Number of protein chains: 4
Amino acid sequence: MARAAASKTRTRIQREKTELILTAALEVFATYGYRGSTIDQIAGQAGLSKPNLLYYFDNKDAIHSRLLERLLETWLAPLHALDENGEPITEILAYVTRKLEMARDFPRESRLFANEILQGAPRILDQIAGPLKTLVDEKALIIRGWSQQNQIAPVDPYHLIFSIWSTTQHYADFDTQVSVVLGPRAATRFDDAARHLTDMFTKLLRP
Amino acid sequence: MARAAASKTRTRIQREKTELILTAALEVFATYGYRGSTIDQIAGQAGLSKPNLLYYFDNKDAIHSRLLERLLETWLAPLHALDENGEPITEILAYVTRKLEMARDFPRESRLFANEILQGAPRILDQIAGPLKTLVDEKALIIRGWSQQNQIAPVDPYHLIFSIWSTTQHYADFDTQVSVVLGPRAATRFDDAARHLTDMFTKLLRP
Amino acid sequence: MARAAASKTRTRIQREKTELILTAALEVFATYGYRGSTIDQIAGQAGLSKPNLLYYFDNKDAIHSRLLERLLETWLAPLHALDENGEPITEILAYVTRKLEMARDFPRESRLFANEILQGAPRILDQIAGPLKTLVDEKALIIRGWSQQNQIAPVDPYHLIFSIWSTTQHYADFDTQVSVVLGPRAATRFDDAARHLTDMFTKLLRP
Amino acid sequence: MARAAASKTRTRIQREKTELILTAALEVFATYGYRGSTIDQIAGQAGLSKPNLLYYFDNKDAIHSRLLERLLETWLAPLHALDENGEPITEILAYVTRKLEMARDFPRESRLFANEILQGAPRILDQIAGPLKTLVDEKALIIRGWSQQNQIAPVDPYHLIFSIWSTTQHYADFDTQVSVVLGPRAATRFDDAARHLTDMFTKLLRP
DNA sequence: AATGAATGAGTTTTCATTCAT
DNA sequence: AATGAATGAAAACTCATTCAT
């Protein structure tokens, strides 16, 4: 009844513990997937007891859902920032760069998202079909506009976006493979990737 | 001991049932991940009883491992086929096309692989570090050669390969998202993707 | 229906296979106990398939019971041979020697028996309460007679028999411990034991 | 992880339940052997639910191992007490008596040990080869000394110790048989055994 | 006789969740 | 807020036994 999650006023401690748990859960879920993660693992990672963790969240699913909710905001921010009034190629390349920086700085978020989509997005299909699709449609329209006005080469805006997503997220989601394949060269993988992707998308879009 | 899996001579039934199980397991593992899948699910999918399934495979892990073993062969075949003596751009575009066809025709294999890498490749790290890396190194050398001889534009062969992998596999691994975002346009997603990717990689590689 | 075990006429092959199975089962049961042994293990040891083994014996219990049945005959033979008309001390010492030889030559039989008694003799209580007790009572009477006629020192015949059983069987049942404790001296353990036990029972019985 | 068994500070309940479980497990393991015992049986005997029992011990083997660990201390105590400076025959007879009392008062411990050795001591071979052998070697030296100084008759100290172990433990390990054979006389079996064994070892050792 | 195939009934263990304090 | 204790439901095997050929 008096669950922390339910009360509207949060104490500082409640907020801190909630964050602590979410951070731990992100780490665990991103590595082992939802079913592969146990509450024990998350509690251990957070330095809490299992029942104490469940004092802050109703159940395992609630933690996961909260993570996914927040995720989408962060996730869509770089695309949000794509400015209709900016210089088209600059805007798109900046978007590529931001996405790649996210892969570098938030790989666990990327993997959490990948895990979820891979399994058929059982928990965030609504968000995909709602906010995400809406935003993509909106930005696709802008890109199509640029294309029609010959500011960039003709390109299918949706598949362009998919290419940006996949190439950048690859460095987070498939990092294990990337690092092994690159061997010692892996140290500079993000810089090398930035150069490569900038080159690739520049050539693609130059009218 | 006297497990079917251990005997050297396989009867027809053994071969059939083994295939049946692997097919069912691929479906289940690709959808729910290793930990998220149960032997019961796989047995159900295969139309067998659980103990009967375990008559053919020693345990859950053995099924998964067998799938991954086979997978790598199929997985590397398109890259294997990249011919040093072919016309460079044609060869690379053909590789893109083959990879995209695999994403279309074997999406479950793609997701099985993605699931495994996402979790840190606990079960196939050896294969990644061994055969896969060896093959990539070999083909990267070829691509670098083409590049140095100006047959294709200068390009980092490793990151080129990553881009090909990620953009094509995206249509299998993130199909849920792709389909939702494209809505009715999803019907032609593979053809549209082929056009888009061919365009993109052509522009990237043209000297 | 046409079970081999049920038919009265046995072919040579049937007899041979039956023996083969019993030998294998003795080995396995003696080492792992009844519950710790599996039909697979026994079949493996015998070089037969599981169903083939069960063609000769109705079930696991039947094999075990048959072993125990036979065992008792062998087991009681040395005591049977104790001759009322022999020289008392000689007779008893000869009995000790025969028992020790059995521990040396048939350790698996000894352990099978020990396992069974340890668990409360669920399967051979009848044999213990019947033939075994009858025989012991009979021989105890003889020993008591010798004792009363001063041919041997006064001794409780039952506890004498228990002492003979325990000291000799110890070398089979606790062989693991005996061998470890004796270390290199273990090689001569049966000869040393013979000397020691002969000495001990001689001193005990000398009037 | 957060298993009760792993935490260092034990609450009262933890200590009590742990004892409760070990007592129950001793009863069950001693009767049915390791493989013949189920966690269900032990939980039932202890009046706990199966998962609750597994809250205190990681698994079946952990319970068994703990029992065996403790056992050895108890088991070796009587031999430990054999005093080099005492009167030799008195010391050895006192040892016989203590061992017989243990067979009477702790028959389940005796059977647990016997079960383990019978199976080849898979779980306590180290303890046998280590502490047990060390102690036996030490005491054998003392006995040999007594023997050489003619304080007791010449005797192989190792085989003497085996005789003491086997004759006394027999009343615990083979109690089923002993009781059936003795019939009504079984009531006084430990007193009769004490008299018999005292007599036997006295005669053996008197110089 | 012999064996590949199949299964029901356990048995061990895991784990999310709840209870009591 | 926090935690030790407890549990039901599931999941991964195991194994004696039967079936079909």
Side-chain angles (χ1 to χ4, degrees), chain A residues 2-4 11 13-14 17 35-43 48-63, chain B residues 1-4 7 9-14 16-17 35-43 48-63, chain C residues 2-4 11 13-14 17 35-43 48-63, chain D residues 1-4 7 9-14 16-17 35-43 48-63:
Chain A
R3 282 288 163 76
T11 68
I13 280 192
Q14 279 175 348
K17 286 283 167 77
R35 287 285 303 266
S37 304
T38 71
I39 292 187
D40 250 328
Q41 274 178 295
I42 299 170
L48 298 176
S49 71
K50 204 168 24 168
N52 194 16
L53 184 151
L54 288 168
Y55 173 77
Y56 292 98
F57 287 89
D58 280 341
N59 50 42
K60 184 180 174 180
D61 193 70
I63 310 173
Chain B
M1 307 298 147
R3 285 283 163 76
S7 71
T9 49
R10 297 292 197 79
T11 67
R12 184 178 49 79
I13 285 190
Q14 276 175 10
E16 287 173 6
K17 288 285 166 77
R35 287 285 302 269
S37 304
T38 72
I39 294 186
D40 256 328
Q41 273 179 295
I42 300 171
L48 298 176
S49 70
K50 199 171 18 172
N52 194 17
L53 182 151
L54 288 167
Y55 172 74
Y56 292 97
F57 287 90
D58 280 340
N59 49 44
K60 182 178 170 180
D61 193 70
I63 309 174
Chain C
R3 282 287 163 77
T11 68
I13 280 192
Q14 279 175 348
K17 286 285 167 76
R35 288 284 302 266
S37 304
T38 71
I39 292 188
D40 250 328
Q41 275 178 296
I42 300 170
L48 297 177
S49 70
K50 206 167 22 169
N52 195 14
L53 184 151
L54 287 168
Y55 173 78
Y56 292 98
F57 287 90
D58 281 340
N59 50 42
K60 183 180 174 180
D61 194 69
I63 309 173
Chain D
M1 307 295 149
R3 285 284 162 75
S7 71
T9 48
R10 297 292 197 78
T11 67
R12 184 177 51 79
I13 284 190
Q14 277 175 9
E16 286 174 7
K17 289 283 167 76
R35 288 284 302 269
S37 304
T38 72
I39 293 187
D40 256 330
Q41 274 179 295
I42 299 171
L48 299 175
S49 71
K50 202 171 15 171
N52 194 16
L53 183 151
L54 288 167
Y55 172 73
Y56 292 98
F57 287 90
D58 281 340
N59 50 44
K60 184 178 169 180
D61 193 69
I63 309 174

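Proteins get letters first, then strands, A, B, ... in listed order; numbering begins at 1 in each. None of the values given here were measured: they were computed from a predicted structure.
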With respect to the phosphate group of [N], does any side-chain polar atom (N or O) of [X] fall under 4.0 Å of OP1 or OP2?
{"X": "Arg35(D)", "N": "dC15(F)", "result": "yes"}
{"X": "Thr11(A)", "N": "dA1(F)", "result": "yes"}
{"X": "Thr38(D)", "N": "dT11(E)", "result": "no"}
{"X": "Gln14(D)", "N": "dG4(F)", "result": "no"}

Over how many whole Å does the gap from [X] atom [atom1] to [N] atom [atom2] extend?
{"X": "Phe57(A)", "N": "dA16(E)", "atom1": "CZ", "atom2": "P", "answer": "15 Å"}
{"X": "Leu53(A)", "N": "dT17(E)", "atom1": "CG", "atom2": "P", "answer": "11 Å"}
{"X": "Tyr55(A)", "N": "dG4(F)", "atom1": "OH", "atom2": "P", "answer": "17 Å"}
{"X": "Leu54(A)", "N": "dG4(F)", "atom1": "CG", "atom2": "C1'", "answer": "14 Å"}
{"X": "Lys50(D)", "N": "dT7(F)", "atom1": "NZ", "atom2": "P", "answer": "13 Å"}
{"X": "Asp40(A)", "N": "dA16(E)", "atom1": "CG", "atom2": "P", "answer": "7 Å"}
{"X": "Tyr56(A)", "N": "dA2(F)", "atom1": "OH", "atom2": "C1'", "answer": "8 Å"}
{"X": "Ile39(B)", "N": "dA12(F)", "atom1": "CD1", "atom2": "C1'", "answer": "5 Å"}

Determine which bases of DNA chain F form Watson-Crick or G-U wobble pairs with both distances under 3.5 Å, and write the result as a 5' to 3' dot-bracket string with | for other-strand partners. .||||||||||||||||||||
Relative to the 5' end of DNA chain F, which residue comes earlier, Ser49(D) or Asp61(B), by the nucleotide with the nearest heavy atom? Ser49(D)
Using heavy-atom distances to pick each residue's nearest nucleotide on DNA chain E, tell me which of Ser37(A) and Ile13(B) is more 5'. Ile13(B)
Sugar-phosphate, base or nothing in reach of Leu48(A), heavy atoms under 4.0 Å: nothing
Pick base, sugar-phosphate or nothing for Lys17(B), based on heavy-atom distances below 4.0 Å to the nucleic acid. sugar-phosphate
As an exercise, state the distance from [atom1] of [X] to [atom2] of [Y], rounded to the nearest 0.5 Å.
{"X": "Phe57(B)", "Y": "Lys17(B)", "atom1": "CZ", "atom2": "NZ", "value": "12.5 Å"}
{"X": "Leu48(C)", "Y": "Tyr56(C)", "atom1": "CG", "atom2": "OH", "value": "7.5 Å"}
{"X": "Gln14(B)", "Y": "Glu16(B)", "atom1": "CD", "atom2": "CD", "value": "11.0 Å"}
{"X": "Lys60(D)", "Y": "Leu54(D)", "atom1": "NZ", "atom2": "CG", "value": "11.5 Å"}

All heavy atoms of Asp58(A) vs all of Ala62(A), minimum pair found to be N-CB, 4.1 Å
If you take all heavy atoms of Ile39(A) and Leu53(A), which pair is closest and at what distance? CG2-CD2, 4.2 Å
So which nucleotide from dT3(E), dT17(E), dA5(F) ends up closest to the side chain of Asn52(C)? dT3(E)
Applying salt bridge (Lys or Arg N to Asp or Glu O under 4.0 Å) to Lys50(B) and not counting sequence neighbours gives Asp40(B)
